[in-house]
Amino acid sequence: MARRLTLTEFIIEEQRMHPGATGDFTGLLSDIALAAKLIAREVRSAGLGDILGASGSTNVSGDEVKKLDLFADETLVNVLERGGHLAGMASEEREGPIPIPEEYPAGKYVVLFDPLDGSSNIDANVGVGTIFSIFGRAGEGARGGLEDLLQPGNRLLASGYVIYGSSTVFVYTTGFGVHGFTLDPTIGEFILSHDAIETPERGKILSANEGNLSLWPEGARAYVSYLKEEDSASGRPYRSRYVGSLVVDFHRNLLHGGIFLYPEDSRNPKGKLRLLYEAAPLAFVAEQAGGLASTGRDRILDVVPSSLHQRVPLAIGSAKDVRLYERFVRGDRP
Ligand code: AHG
Ligand code: MN
Ligand code: MN
């Protein structure tokens with residue numbers, strides 16, 4: 001049986017298709033993979049040390065910060081700042097841009113990340129993950145300042161995520177399809193396990209926090225009740241699956257088909273999820289796998305950010321499901 005490629009081997013092969021590639025990008029993705037392995041190790045043994053539970057503070061978005069949020073954030077910054085590939089970074093857990101210390105060389109990329117997505121689930125052994133976005137610098141001037149960080153998703157060079165679940169999985173795209181790798185703990189390498197992922201055109205799964213249904217706008221409520229009606233010809237009723245870790249709900253739907261929905265509501269009038277750390281990077285993955293991502297009105301990848309922690313309503317997943325949701329939002333239901 002042929003040996004399967006490692007993540008590094010796969011990226012090197014993929015980068016050979018880019019004329020002028022210097023290996024810098026390969027180095028950056030390898031740094032992210034290293035940080036992911038360090039985080040995976042900590043998540044796996046979290047119950048043994050004093051790392052479960054709250055840190056006692058809240059972040060910019062008002063979420064309670066867990067100790068593992070801080071560990072993941074510090075690990076990513078620590079690994080990425082010394083690699084020489086970055087001009088700057090931003091994290092869901094930090095208010096402003098994260099500069100690269102002067103002692104390290106600056107590179108031509110910027111990375112934005114949600115260090116630990118779904119962290120409220122961690123104490124109960126539910127899957128969590130890391131989500132990342134990679135852009136080129138927007139201009140020659142600022143070294144990783146806001147101009148470099150506030151770019152729309154349609155300028156992403158790469159994005160992806162790592163899930164710390166029943167296994168550790170690394171999924172990414174550079175615009176040439178979506179590829180998934182599973183960590184083989186016996187050799188400490190991510191091995192190609194899901195090549196060229198294509199998401200079903202239509203799914204059977206609805207993932208939404210329906211506890212908020214009464215706070216949603218009419219279009220979202222009507223859409224969800226439509227999915228619950230019985231009609232075997234259109235595959236209804238849909239199954240309901242909501243873990244509460246976006247990255248895990250997204251990954252399951254990517255493989256099996258379905259829609260993840262987090263609309264704006266009366267408490268979060270702009271939605272809850274963050275454009276740069278959550279919605280845009282997953283939107284790039286979704287589109288590269290043949291799916292779609294929308295605010296309900298606009299393509300997520302075309303939303304131009306005006307601040308680092310900007311929130312956005314999100315409907316993401318199988319193309320036909322997301323298109324139908326947009327019809328409900330427009331009031332044009334079938
Ligand atoms: P994070 O843990 O990075 O703060 O993100 C939590 C997000 C997302 O993962 C999840 O889908 C959503 O919050 C859950 O929100 P509700 O508890 O409102 O359903
Ligand atoms: Mn998150
Ligand atoms: Mn987070």
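As a basis for the values below, the full set of heavy atoms in this structure was taken, side chains included, without hydrogen atoms, waters or symmetry mates. Just so you know, ligand 1 is whichever comes first in the structure, and atom 1 is the first atom listed for that ligand. Here, residue 1 is the first one in the sequence, and each next residue gets the next number.
Summary: OD1 is the N/O/S atom of D117 found nearest to the Mn ion (ligand 2). Looking at D114, its N, O or S atom nearest to the Mn ion (ligand 3) turns out to be OD1. Taking the N/O/S atoms of E278 in turn, the shortest distance to the Mn ion (ligand 2) belongs to OE2. Within E92, the N/O/S atom positioned nearest the Mn ion (ligand 3) carries the name OE1.
Using a cutoff of 4.0 Å between basic side-chain nitrogens and carboxylate oxygens, R4 and E189 are not scored as salt-bridged.
Under 4.0 Å from ligand 1, not a single heavy atom of F250 appears. Heavy atoms of S119 found under 4.0 angstrom from ligand 1 belong to the backbone as well as the side chain. Looking at R274 against ligand 1, only its side chain comes within 4.0 Å, counting heavy atoms. Under 4.0 angstrom from ligand 1, the non-hydrogen atoms of D114 all belong to its side chain. Contacts of Y242 with ligand 1, taken as heavy-atom pairs under 4.0 Å, involve the side chain alone.
Nearest protein heavy-atom contact of atom 11 (O) of ligand 1 is L246 N, 3.2 Å. Of all protein heavy atoms, the one lying nearest to atom 18 (O) of ligand 1 is Y262 OH, 2.5 Å. For atom 10 (C) of ligand 1, the nearest protein heavy atom (residue, atom name, distance) is G244 O, 3.3 Å. From the protein, the heavy atom lying nearest to atom 15 (O) of ligand 1 is K272 NZ, 2.9 Å. If you check which protein heavy atom lies closest to atom 7 (C) of ligand 1, you get L273 CD2, 3.8 Å. Looking at atom 2 (O) of ligand 1, its nearest protein heavy atom turns out to be G118 N, 2.8 Å. Of all protein heavy atoms, the one lying nearest to atom 6 (C) of ligand 1 is D117 OD1, 4.0 Å.
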Test ring-ring contact (aromatic ring centres under 6.0 Å, His included) applied to Y109 and F135, step by step:
CA-CA 6 Å; Y109 303 108; F135 293 102; over 10 Å; no
The test is side-chain hydrogen bond (donor to acceptor under 3.5 Å, both in side chains); show your working for Y172 and E14 and say whether it passes.
CA-CA 12 Å; Y172 84 102; E14 197 183 52; 2.9 Å; yes
Determine whether S234 and R236 satisfy the following criterion, side-chain hydrogen bond (donor to acceptor under 3.5 Å, both in side chains), listing intermediate values before the conclusion.
CA-CA 6 Å; S234 56; R236 291 177 292 150; 2.9 Å; yes
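Listed by number with element, the atoms of ligand 1 under 4.0 angstrom from any heavy atom of N209 are 16 (P), 18 (O), 19 (O). In the vicinity of L116, heavy-atom distances shorter than 4.0 Å reach the ligand 1 atoms 2 (O), 3 (O). Here is the list of ligand 1 atoms found below 4.0 Å of a heavy atom in F260: 11 (O). Those atoms of ligand 1 that come under 4.0 Å of a heavy atom in D63, given as number and element, are 4 (O). Short contacts between ligand 1 and S245, defined as distances under 4.0 Å to a heavy atom of the residue, involve ligand atoms 9 (O). Close approach of ligand 1 to E278 is summarised as follows: ligand atoms under 4.0 Å from at least one heavy atom of the residue are 3 (O), 5 (O).
A pairwise comparison of heavy atoms in A280 and G153 identifies CB-CA, 4.3 Å as the closest pair. Nearest heavy atoms, S120 versus K66: CA-CE, 4.0 Å. Nearest approach of V322 to L292, heavy atoms of both residues: CG2-O, 3.6 Å.
A chain of hydrophobic side-chain contacts below 4.5 Å, direct or via other Ile, Leu, Val, Met, Phe, Trp or Tyr residues, connects L116 to I32. The cluster map of Ile, Leu, Val, Met, Phe, Trp and Tyr, joined by side-chain heavy atoms under 4.5 Å apart, puts V303 and L150 in different clusters.
A 4.5 Å side-chain heavy-atom check between F250 and N253 finds every atom pair outside the cut-off.
Taking the six-membered ring where the residue is Trp, F10 and H179 present tilted rings, their angle falling between 30° and 60°. In this structure, F328 and Y226 have tilted ring planes: the angle between them lies in the 30° to 60° band.
Each of R241, R239, R252 was compared with S207 under the side-chain hydrogen bond (donor to acceptor under 3.5 Å, both in side chains) criterion, and only R252 meets it. Of the residues listed (I131, V77, I134, L276), the one engaging F113 in a side-chain contact (heavy atoms from CB on, under 4.5 Å) is V77, and it is the only one.
The N/O atoms of S120, backbone and side chain alike, include none that comes under 3.5 Å of an N/O atom in ligand 1.
At a cut-off of 2.8 Å, A72 is not counted among the residues with an N, O or S atom near the Mn ion (ligand 3).
Relative to the six-membered ring of Y223, R333 misses at least one condition, a distance below 6.0 Å or an angle of at most 45° to the axis.
Using a non-hydrogen distance threshold of 4.0 Å, D69 does not register as a contact of ligand 1.
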